[in-house]
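Worth knowing before you read on, the calculation uses all heavy atoms, side chains too, and leaves out hydrogens, waters and symmetry mates. As the structure is a computational prediction, the values presented were derived from the model and not from experiment.
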There are 2 protein chains.
Amino acid sequence: MSKKRDTLIATADRLFYTEGFAATGIDRVVSVAGVALGTLYRHFDGKAGLVVGVLDYRETAFFARLDETAAGKEGRDRVLSLFDGLLSWAEQKPGNENGCLFLRAASEHPEEPAIRTRVLKHKKTYLTFCRKHLREGGWDAAAARRLAPRIFLLLEGAVATCGFLGNRIAIKQARDAAEDLLSQDPSTPAMQNRS
Amino acid sequence: MSKKRDTLIATADRLFYTEGFAATGIDRVVSVAGVALGTLYRHFDGKAGLVVGVLDYRETAFFARLDETAAGKEGRDRVLSLFDGLLSWAEQKPGNENGCLFLRAASEHPEEPAIRTRVLKHKKTYLTFCRKHLREGGWDAAAARRLAPRIFLLLEGAVATCGFLGNRIAIKQARDAAEDLLSQDPSTPAMQNRS
DNA sequence: GACCAAATAGAACGACCGTTCTACTCATGA
DNA sequence: TCATGAGTAGAACGGTCGTTCTATTTGGTC
């Protein structure tokens with residue numbers, strides 16, 4: 001909508017991720033963004049509102065990237081593409097190995113209901129997103145419901161360990177584990193076709 | 001060593017974990033601990049020193065718990081006991097679902113070398129710890145080196161998702177995945193015994 | 001009893017924080 | 001033409017932060 005608003009979100013997103021929420025002052029955000037302080041308060045409900053705005057922006061961009069990477073893939077590849085999309089997202093900018101911004105936002109604002117509920121909503125959406133890709137990959141509803149939390153856990157584990165193992169290795173480990181997990185499960189589409 | 005020092009660390013550990021590092025002031029720590037401000041500065045090199053002290057304390061307590069849980073277990077159970085130990089650690093106190101304190105410390109102090117190197121050291125120790133348990137469970141050096149990062153990733157993923165799925169479910173998912181992963185690997189001790 | 005290290009309370013510091021407010025500019029459209 | 005809404009610069013606010021310092025008291029140990 002508003003150009004200034006977009007600039008503020010993009011700037012805050014970058015600063016929050018590289019320097020942390022508490023360590024990034026509101027003055028710093030507006031100064032780097034080249035926007036007046038009053039403008040920020042016109043668009044957002046204080047700093048907490050800005051944080052929520054950043055998370056909204058992140059979520060749509062992230063899931064769009066995953067959908068983009070999954071386009072055209074079928075069967076097991078469609079599920080594994082979640083890891084490929086995550087890798088492309090993580091390598092978007094150098095130094096993108098500081099963990100999940102949503103979890104960091106929640107842990108830095110334990111008493112901010114607006115932020116915590118926003119993070120919870122994101123994780124719920126993420127889990128549903130995994131289940132949807134399993135369905136689209138050929139798994140039935142029951143299998144998708146059973147396997148989705150495992151895929152989700154591997155994705156979250158990959159992000160958490162990126163800072164230590166590096167993006168490439170961490171996500172590859174998770175992807176390989178997911179591959180084993182999918183091919184070993186008795187309800188994989190391949191097995192269903194065989195019977 | 002010093003009783004006051006221990007009290008400060010235990011108090012800071014609790015406050016840092018439940019409320020975050022930046023949100024927990026030094027005044028708050030000494031007030032809750034019932035210790036004078038000067039005493040804190042006699043024992044620690046400022047707030048950053050206190051953070052490192054807390055991480056040191058956490059690491060020894062955590063690995064001690066894992067070793068305790070692994071005692072007497074053999075083969076695959078010895079490796080899977082890492083997840084049981086993690087669960088018992090997480091359920092030690094109610095509300096212990098706020099992610100890994102080490103990763104949170106690193107992400108809240110991006111420009112504090114003492115803290116970041118301490119966190120890096122911890123994760124390296126953790127990975128080595130996983131490898132050691134694989135060796136003690138009967139895997140050879142090469143297999144342990146190959147499987148350890150995967151076990152590590154599952155453990156980290158479990159901690160990351162505890163806040164969303166709950167301790168019990170998150171750790172169970174990770175444990176089950178590890179079980180599949182170990183039994184599927186061609187170099188498991190059980191397979192070696194069979195040949 | 002004298003000594004010394006540890007612990008205490010509390011003030012003071014400079015710096016930064018998030019937020020609010022005022023006064024001014026500027027473009028757009030009725 | 002002028003009313004309106006968005007943006008700007010900058011001051012001011014009360015508060016909190018981490019750190020340092022002083023002055024005093026405790027608790028053992030020679």
Side-chain angles (χ1 to χ4, degrees), chain A residues 1-55 101 104-116 118, chain B residues 1-55 101 104-116 118:
Chain A
M1 199 59 59
S2 165
K3 188 145 191 68
K4 297 288 178 185
R5 196 189 127 100
D6 294 347
T7 307
L8 282 169
I9 284 191
T11 305
D13 178 88
R14 179 163 39 91
L15 292 178
F16 285 160
Y17 192 78
T18 56
E19 307 182 8
F21 293 94
T24 303
I26 233 63
D27 291 352
R28 183 100 195 295
V29 174
V30 298
S31 134
V32 172
V35 169
L37 183 58
T39 306
L40 187 149
Y41 278 89
R42 186 184 321 282
H43 285 298
F44 301 98
D45 185 16
K47 188 179 187 180
L50 177 61
V51 170
V52 172
V54 166
L55 297 183
L101 190 67
R104 289 171 59 195
S107 87
E108 285 206 42
H109 305 91
E111 323 258 285
E112 204 95 42
I115 295 177
R116 288 196 78 88
R118 183 63 186 83
Chain B
M1 195 62 58
S2 163
K3 188 146 193 65
K4 297 287 177 185
R5 196 189 126 100
D6 293 348
T7 306
L8 282 169
I9 285 191
T11 305
D13 178 87
R14 179 162 39 90
L15 291 177
F16 286 159
Y17 192 78
T18 57
E19 308 181 9
F21 292 94
T24 304
I26 234 63
D27 290 353
R28 182 99 196 294
V29 173
V30 298
S31 134
V32 172
V35 169
L37 183 59
T39 306
L40 187 149
Y41 277 88
R42 178 166 293 104
H43 285 297
F44 301 98
D45 186 15
K47 190 179 185 180
L50 176 61
V51 171
V52 173
V54 165
L55 297 182
L101 190 66
R104 290 171 60 194
S107 88
E108 285 207 43
H109 304 92
E111 322 257 284
E112 204 95 41
I115 295 177
R116 287 196 78 87
R118 184 61 186 84

Query raised in the report: Which of these nucleotides, C/dG18, D/dG7, C/dT8, is closest to any side-chain atom of B/T39?
Result: C/dT8
Requested in this report: Mark yes or no for whether B/T39, through its side chain, and B/V35, through its backbone, hold a donor-acceptor pair below 3.5 Å.
Outcome: no
Query raised in the report: Which part of the nucleic acid, if any, lies within reach of B/G34 when heavy atoms closer than 4.0 Å are counted: base, sugar-phosphate only, or nothing?
Result: sugar-phosphate
Query raised in the report: From D/dA6, C/dG18, D/dG18, pick the nucleotide closest to the side chain of B/I26?
Result: D/dG18
Query raised in the report: With nearest nucleotides of DNA chain C determined for B/H43 and A/A23 from heavy-atom distances, which residue corresponds to the more 5′ nucleotide?
Result: B/H43
Report task. Report the nucleotide, chosen from D/dT19, C/dT8, C/dT20, that has the shortest atom-to-atom distance to any side-chain atom of B/D27. Result -> D/dT19
Requested in this report: Among D/dT8, D/dT20, C/dG18, find the nucleotide with the atom closest to the side chain of B/L37.
Outcome: D/dT20
**Report entry** B/F21 and B/H109 aromatic ring geometry - parallel, tilted or perpendicular at 30°/60° bounds
**Finding:** perpendicular
Requested in this report: Report the residue (B/K47 or B/G38) whose heavy-atom-nearest nucleotide on DNA chain D is the more 5′ of the two.
Outcome: B/K47
**Report entry** salt_bridge(B/E108, A/R104) N-O dist < 4.0 Å
**Finding:** no
Report summary line: Which of C/dA9, C/dA11, C/dT20 is nearest the side chain of A/Y41? It is C/dT20
Query raised in the report: Is the shortest side-chain N/O distance from B/S2 to OP1 or OP2 of C/dA7 below 4.0 Å?
Result: yes
Query raised in the report: Tell me: CZ of A/F44 to P of C/dT19, nearest whole Å?
Result: 13 Å
Query raised in the report: Below 4.0 angstrom from OP1 or OP2 of D/dT8, is there any side-chain N or O of A/K4?
Result: yes
Report task. Starting at CG of B/L8, measure out to CZ of B/R42 and round the result to the nearest 0.5 Å. Result -> 12.0 Å
